[in-house]
2 protein chains.
Amino acid sequence: MADTAIQIGELSRRTGCNIETIRYYERIGLMPAPPRRGRYRSYGAADVGRLGFVRRARELGFTLDEVRALLGLAAGGGASCAEVRVLAAAHLGDVRARIADLRRMERVLADSVRACDAGQDPGCPLIDALYAEPRLPQTAR
Amino acid sequence: MADTAIQIGELSRRTGCNIETIRYYERIGLMPAPPRRGRYRSYGAADVGRLGFVRRARELGFTLDEVRALLGLAAGGGASCAEVRVLAAAHLGDVRARIADLRRMERVLADSVRACDAGQDPGCPLIDALYAEPRLPQTAR
DNA sequence: CTTGACTCTGTAGTCGCTACAGATCGTATC
DNA sequence: GATACGATCTGTAGCGACTACAGAGTCAAG
């Protein structure tokens, strides 16, 4: 089982990772340079696993550097779980901060659209909001 | 009042937009090329207003192309409010989609960290999750 | 007259891909 | 044998939105 040497196209199909991206990962050292059959890259089951790992980590929003670190820890095995936890918790913090940012944006945008629908303002609520100056609360002009 | 010709550093200070970015905006045509006093750029109150507008729109997550469009509509005045609404509503949709993505990430990450803290698993929960293959739900192996 | 703060232009780097161009390879068909 | 096709190869350049230099010039105060 799994004496399956596959080409890059098949690896792409199995992982959902596009071909150019696979070669890019190889260039930056995230995927190892595979052996060649002729001049075509020849991949095995381990590559499918590793690339799937990369792809799923990316879907969770880890940067490529973080993915690199995770791969290192995954290879290490054993005591690395604590270190993985640190990485994941830090990244979770990032994600939550980004959510908070986006929610602030959402609120302002939704308010503006609502004000626009209400149609009470003389001008355009969003344009007005963008021209406002929250930087100098008083001090007249 | 406001016969104030200011230099780029002062514009930067007043808008919170960094100097290199101001020059960048000029290069890409988002800000007009100001007159020069000697060879230094000389800005006025209108520039402070426009750049503030750009910055606030960026804080709401609009792309530079969208900001360009908003600036055009803001200048147009009058009937443009409906068009602004369209832009804002579309962007609001984007923001909400990004929030949804991030929440999915948050959930998975938080689950993994929690599983990690529980410490019941034999391996590392996050590493295991990244190695899992949600692409083939059954089909054994 | 020198120091220091400011500004200038131009170019290159960041991140994570994506999109070519143009060559080469392997197989199937006429 | 010729040829067409699909897949792959290398190498380079582009995206968005900045950011970070290097190296030159400008200006006012001490």
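Quick caveat, the model's predicted, so the values are computed rather than measured. Every chain is numbered from 1 and lettered A, B, ... according to where its sequence line falls, protein lines coming before strand lines.
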(request) Kindly give the heavy-atom pair with the smallest separation between A:Tyr25 and A:Arg58, and that separation in Å. (result)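 Minimum heavy-atom separation between A:Tyr25 and A:Arg58: OH-CG, 4.1 Å.
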Check this one for me: any side-chain N or O of [X] less than 4.0 Å away from OP1 or OP2 of [N]?
X	N	answer
B:Thr63	D:dG16	no
B:Gln7	C:dT7	yes
B:Arg23	C:dT9	no
B:Arg68	D:dG16	no
A:Thr21	C:dG16	no
A:Tyr25	C:dG16	no
A:Asn18	C:dT18	yes
B:Arg41	C:dC8	yes
B:Arg39	D:dT26	yes

Just checking [X]: base, sugar-phosphate only, or nothing, at a heavy-atom cut-off of under 4.0 Å?
X	value
A:Arg58	sugar-phosphate
B:Phe62	nothing
A:Gly38	nothing
B:Ile19	sugar-phosphate

If you measure from the Lys or Arg side-chain nitrogens to the Asp or Glu carboxylate oxygens, is any gap between [X] and [Y] under 4.0 Å?
X	Y	answer
A:Arg41	A:Glu26	yes
A:Arg23	A:Glu20	yes
B:Asp65	B:Arg68	yes

(message) So, under a plain 3.5 Å distance rule, would you say the side chain of B:Tyr40 forms a donor-acceptor pair with the base of D:dC27?
(response)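 No, the side chain and the base share no sub-3.5 Å donor-acceptor pair.
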(request) Between C:dC8, C:dC17, C:dA19, spot the one nearest the side chain of B:Arg36, thanks. (result)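 Between C:dC8, C:dC17, C:dA19, the one nearest the side chain of B:Arg36 would be C:dC8.
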